[in-house]
Every structure is written in C-alpha cells, then in structure tokens.
Protein chains: 2
Amino acid sequence: MPDRAPDPLVAEEPSLTPRHQEALQQFILLWGEMASHWGINRTMAQIHALLYAAERPLDTDEIMERLQISRGNANMNLRALVDWDLVRKTHQIGSRKDYYTAEQDVWKITTTIIEQRRKREIKPVQQALAACTTTLRTGEPLTNEEAQFVDRIDNLADFIDVFEGFTSAFLPFLQSRSGEQVKRVIQFAQKVRRTKNGEHDDG
Amino acid sequence: MPDRAPDPLVAEEPSLTPRHQEALQQFILLWGEMASHWGINRTMAQIHALLYAAERPLDTDEIMERLQISRGNANMNLRALVDWDLVRKTHQIGSRKDYYTAEQDVWKITTTIIEQRRKREIKPVQQALAACTTTLRTGEPLTNEEAQFVDRIDNLADFIDVFEGFTSAFLPFLQSRSGEQVKRVIQFAQKVRRTKNGEHDDG
DNA sequence: ATTTCGTTTCAATGCGGAGTGAAAGATAAG
DNA sequence: CTTATCTTTCACTCCGCATTGAAACGAAAT
C-alpha cells in the first residue's frame, strides 16, 4: 500500500521555468487556434500540442490540469488522437494509469494527418457526387441544363481523382522524412513547367 | 390552402426539372458540409456551390430564396467570396442589381482556395512560432528542457518552410490547368523515390 | 468475494460563431 | 434637391458542437 505525499491537487510542473510555461501556453493556444481554422477540434489539437512539446509521457490527470478540461473531455480527445495514430498509449511500471506520447517527427505527423483526413473525407465526397449524377440520370434523358450540371459535377470528380493521385504519389516522400527528395522533385516540377510553358491552350 | 398563389415574388426557377432541383440541393448540402469540415463557413460554401452549378448569374434575392437565408447573411458571404476571388460581381443591362458568378474552372478554383488559405494562415503561424522561441530565449541561457522545446518548434518551422516551397512550386501547375504536367511530375516523383530508396538512413 | 484505482460513456449544459433584420448608407434616376 | 432601388452594417438572437460530470464500467489488488 504505497502512501502518497499529502500534496494532492497542486500539480504544477515543478521543473518548468516560468518562460517555458509561458511559451508552452503560447504554443498550445496557437495550435488549437490553427486547428479550429481547419475544422479540427480545438481541444484535441491542444492536447496534441501539449504532448508534442512534452519531454515525457503524460497521464490524463496532468493533461486535465494543464489544459483545464474535464476528465470526459480529455478522455474523448485522447481516444480520438490515438484513433488518428497521432498519439500512443504507453505504461509505466508501478502504475496502472495510461500515459500518452505524441509522435515527434513532423514529417510523420503531417503524413498521418493527411492520410487520415483523406480517408475520412475524400471518399464520402466522391460517393456523394456520384449520387448527384445518379439523381440526374434517373428516368428521362437529360435536358441541356441538366447535362451542363452533370458536366460540372464530372469536372469536379475528375479533378478530385487527379488530386488523389497526386497525394498518394507524394505521401511516401513525407513518410520517409526525405526533405531532400522533395526538393529534387520541386526542381523538376519547375523545369517541366518552364519547358512545357506555352504548349497548353484551351481550344 | 389555395392551390396556386398569384405571388409574383415566389420565383421558383421554372426551368429546372424536379430531379435537377433535387440534385442541386444534394450538391449544395454536400459542399456546405464538406466546407465546414475544413473550417470554412458553411453558408459561404453553399452560395459558392449554387453559383458554381448555376447556368447564369444570380442576384442576391435569388440566392436568399434558394438557400433560405437572410439578406445580411447572403451579402456578407457574397462579399467574402468576392474577397476570396472565388466569385465575381457582374451586371445586367436594365438592372441596377449586382449579379454574381463563380469561376467554372475547378483547377483555378482550387488554386485560389489554396492561395487564399496560405495567405491567411501560414504567415501568422510562422510568426507565432517565432514568438514562442523569442519568449524562451529571453534572458538567461536555455535549460536543457527549454532547448529541447526550441528544437521541436524549430523542426515545425523548418517543415512549414519546405511545405511552403512545395506549395508555391505546384500552384502554377494548377493555375494553368495542366493536368498532364501534373501527371508527369507525379511519375518523376515515383521514379526518384524508387531510385533513392534505401539510400536514406536515420543514423 | 470486495475494494480500489482508472477509464469510458452519455444526457444535460454552455459557449462561440453564424445568422438575422431593421436601420443606415450608396447610388442612380427624376 | 427628393425619391426609388439596392447594398451594407451591426447589435442582438439562435443553434450546433464542444464540454461537463456523474454514473457505469473494467480490471487489478487484496
């Protein structure tokens, strides 16, 4: 039966200097703000920022304390982060608690986020677009205006396909932390562009 | 209720077939939904969808009517769309009203959106990250943990720089509607990756 | 078995950003 | 000038989504 120090609730990180605390605060707020501009849960991003910046695994209580959020909230968003593969549960000997750590490699983090968002959002859109054209093609032949609309939807769908190809071609680069390779491809792209310039027209 | 109201203001689009109406509805809802997943105002996206799908310029009242939104709302979001360069004001002879049209080229639309979001969101993040490190470097030399944190912030900032380069290298391709060129670059990217594979190590 | 320590769920609540609409502002026509 | 027509603003309201917290659940220790 391990008896604990009677220092129950005030769990300020003792090892952080004031300016470290402040910078961490800035960082967390920034990350949350940015995320919410991209349709990602603010708190989820704040937890992620905290874990990214943390020098060691944190448990739920520490996260609650630092971000001033409820247990339920912390738990839900931690689950989401684990589900997104951005955070891992770990354990420490002598404790039954779950501890959490975030991936440290920014390239991997980005890859993961892109992959996850792609998985969750591209396919449904493609299906929904298909559903639109299906609605239009039901029954009678298309009127001119309907045909025009179908064309526009198709343009969109085609574009999304190319974009998909583009993304899946480049994800492996990010995954393998190969900044140099990315730069090579950028240079090639610029060359292709100069070479081909003027050849394209919209006739 | 009477079978037909003689109200001259109820201006249902007479030329749209029921299925066209329905598909349009689906399309608009889809677009709005998707946008809100990406941190973009739902109504703004719905207006954009409506204008993208429309076969002719629409005025504010038509937009209000179709989307069931207030004049103020329509106006604000139209302004935003014009500000984003996604929609243009046009005029018709014999009318003082403003009419609105959306760009039809999906490549251009995408370019524009990416450019705008970059403009609005990348720079502020870079500055805020810089501010974090400034906070840390104020006064005393860095402790070990502080130095570690600075490193992580720097990693992030560096990554954003590369990403910026990547984006600005590829935007011109989208702008010029050059799907073919994009495909060439993708192929090259894949070749580079195969070639270099195994050369990178993490030592 | 019971107790203890942790996690998860979910109905109820709260908050911030989106939307409203009346009033003010613009601009063209008379 | 005044009127008529259309646009813009902004203080207030409202709604959807995030958050809460208490109760249920689970699993290790005893």
Side-chain angles (χ1 to χ4, degrees), chain A residues 1-5 8-9 11 28-29 31-50 57-84 87-100 120, chain B residues 8-9 11 28-29 31-48 50 57-84 87-100 120:
Chain A
M1 185 69 68
D3 47 337
R4 265 292 151 73
L9 290 180
I28 290 171
L29 291 176
W31 214 236
E33 201 54 41
M34 189 184 158
S36 84
H37 282 164
W38 289 91
I40 292 171
N41 186 299
R42 181 185 257 107
T43 307
M44 177 170 156
Q46 288 180 340
I47 295 176
H48 183 244
L50 176 58
L58 303 181
D59 64 46
T60 306
D61 292 275
E62 289 176 293
I63 293 167
M64 290 165 57
E65 163 74 18
R66 271 187 176 286
L67 302 180
Q68 293 295 305
I69 58 175
S70 73
R71 167 159 268 99
N73 194 9
N75 190 265
M76 273 187 39
N77 283 299
L78 281 167
R79 239 151 79 67
L81 283 166
V82 169
D83 188 45
W84 277 57
V87 161
R88 280 206 321 278
K89 257 188 210 184
T90 63
H91 294 92
Q92 313 227 333
I93 47 171
S95 170
R96 289 205 230 139
K97 280 185 178 172
D98 291 346
Y99 289 78
Y100 297 92
R120 285 154 211 256
Chain B
L9 290 182
I28 290 171
L29 292 176
W31 214 235
E33 200 55 40
M34 189 184 159
S36 83
H37 281 164
W38 289 90
I40 292 170
N41 187 298
R42 180 186 258 107
T43 306
M44 178 170 154
Q46 288 179 340
I47 295 177
H48 183 244
L50 176 57
L58 302 181
D59 65 44
T60 306
D61 292 275
E62 290 177 292
I63 293 166
M64 289 165 57
E65 162 74 19
R66 273 190 174 283
L67 301 181
Q68 293 296 303
I69 58 176
S70 73
R71 168 158 265 102
N73 194 10
N75 191 267
M76 274 186 39
N77 283 299
L78 280 167
R79 239 151 82 65
L81 283 166
V82 170
D83 188 45
W84 277 57
V87 161
R88 280 204 322 278
K89 258 187 210 187
T90 63
H91 294 91
Q92 310 228 337
I93 47 171
S95 170
R96 304 223 297 253
K97 280 186 178 173
D98 291 345
Y99 289 78
Y100 298 92
R120 285 154 211 255

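Proteins get letters first, then strands, A, B, ... in listed order; numbering begins at 1 in each. Since the model is a prediction, treat every value here as computed from it, not as a measurement.
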Please give, in whole Å, the distance from D:dT8 C1' to B:K97 NZ? 16 Å

What's the CD-P distance between B:Q92 and D:dT5, to the nearest Å? 18 Å

Sort me out a list of protein N/O and nucleotides 20-27 of chain C N/O pairs below 3.5 Å, or just none if empty.
| residue | atom | partner | partner atom | Å |
| --- | --- | --- | --- | --- |
| C:dT20 | OP2 | B:S70 | N | 2.8 |
| C:dT20 | OP2 | B:S70 | OG | 3.1 |
| C:dT20 | OP2 | B:N73 | ND2 | 3.0 |

May I have the distance from A:E62 (atom CD) to C:dG6 (atom C1'), rounded to whole angstrom? 15 Å

Min side-chain heavy-atom separation A:H91-A:D98 under 4.5 Å: yes

Would you mind reading off the distance between B:L58 atom CG and D:dT7 atom P, rounded to a whole angstrom? 13 Å

Within residues 34-46 of chain B, find the residues that approach DNA chain C with a heavy atom at under 4.0 Å, and present them sorted by residue number. B:N41, B:T43

Check the surroundings of atom CZ in A:R120: do more than 12 heavy atoms from other residues, nucleotides or ligands lie under 6.0 Å from it? yes

Between P on D:dT19 and CG on A:L67, what's the gap in Å once rounded to a whole number? 10 Å

Could you report the tightest heavy-atom contact between A:A74 and A:T60, atom names first, then the distance? CB-CG2, 4.0 Å

Which atom pair, heavy atoms only, marks the closest approach of A:A45 to A:G32? CB-CA, 4.0 Å

Roughly how far, to the nearest 0.5 Å, is CE of A:M76 from CD1 of A:I47? 10.0 Å

Closest heavy-atom contact between B:E62 and B:P57? OE1-O, 4.2 Å

Separation of atom NZ in A:K89 from atom C1' in D:dA27, rounded to whole Å: 13 Å

Give one of base, sugar-phosphate or nothing for B:D59, where a contact means two heavy atoms less than 4.0 Å apart. nothing

In degrees rounded to 10°, what angle is found between the helical axes fit to the five outermost pairs at each end of the helix from C:dA1-D:dT30 to C:dG30-D:dC1? 10°

Contact check, side chains of A:K97 and A:D61, non-hydrogen atoms, under 4.5 Å: yes

The residue, A:D61 or A:E33, whose nearest nucleotide of DNA chain C is more 5′ is A:D61

Taking the side chain as every heavy atom from C-beta outward, state whether A:Y100 and A:K89 have any atom pair closer than 4.5 Å. yes

Please answer whether the main-chain N or O of A:R71 pairs with a side-chain N or O of A:N75 as donor and acceptor at a distance below 3.5 Å. no

Which distance, rounded to the nearest 0.5 Å, do you find between the CZ of B:R42 and the CG of B:L29? 9.0 Å

The side chain to side chain contact (heavy atoms under 4.5 Å, CB included) partner of B:M44 among B:V87, B:L78, B:L81, B:N73 is B:L81

Whole angstroms only, please: what is the CG-P distance between A:N77 and C:dT7? 15 Å

In whole angstroms, how far is the C1' atom of C:dT8 from the CG atom of A:D83? 15 Å

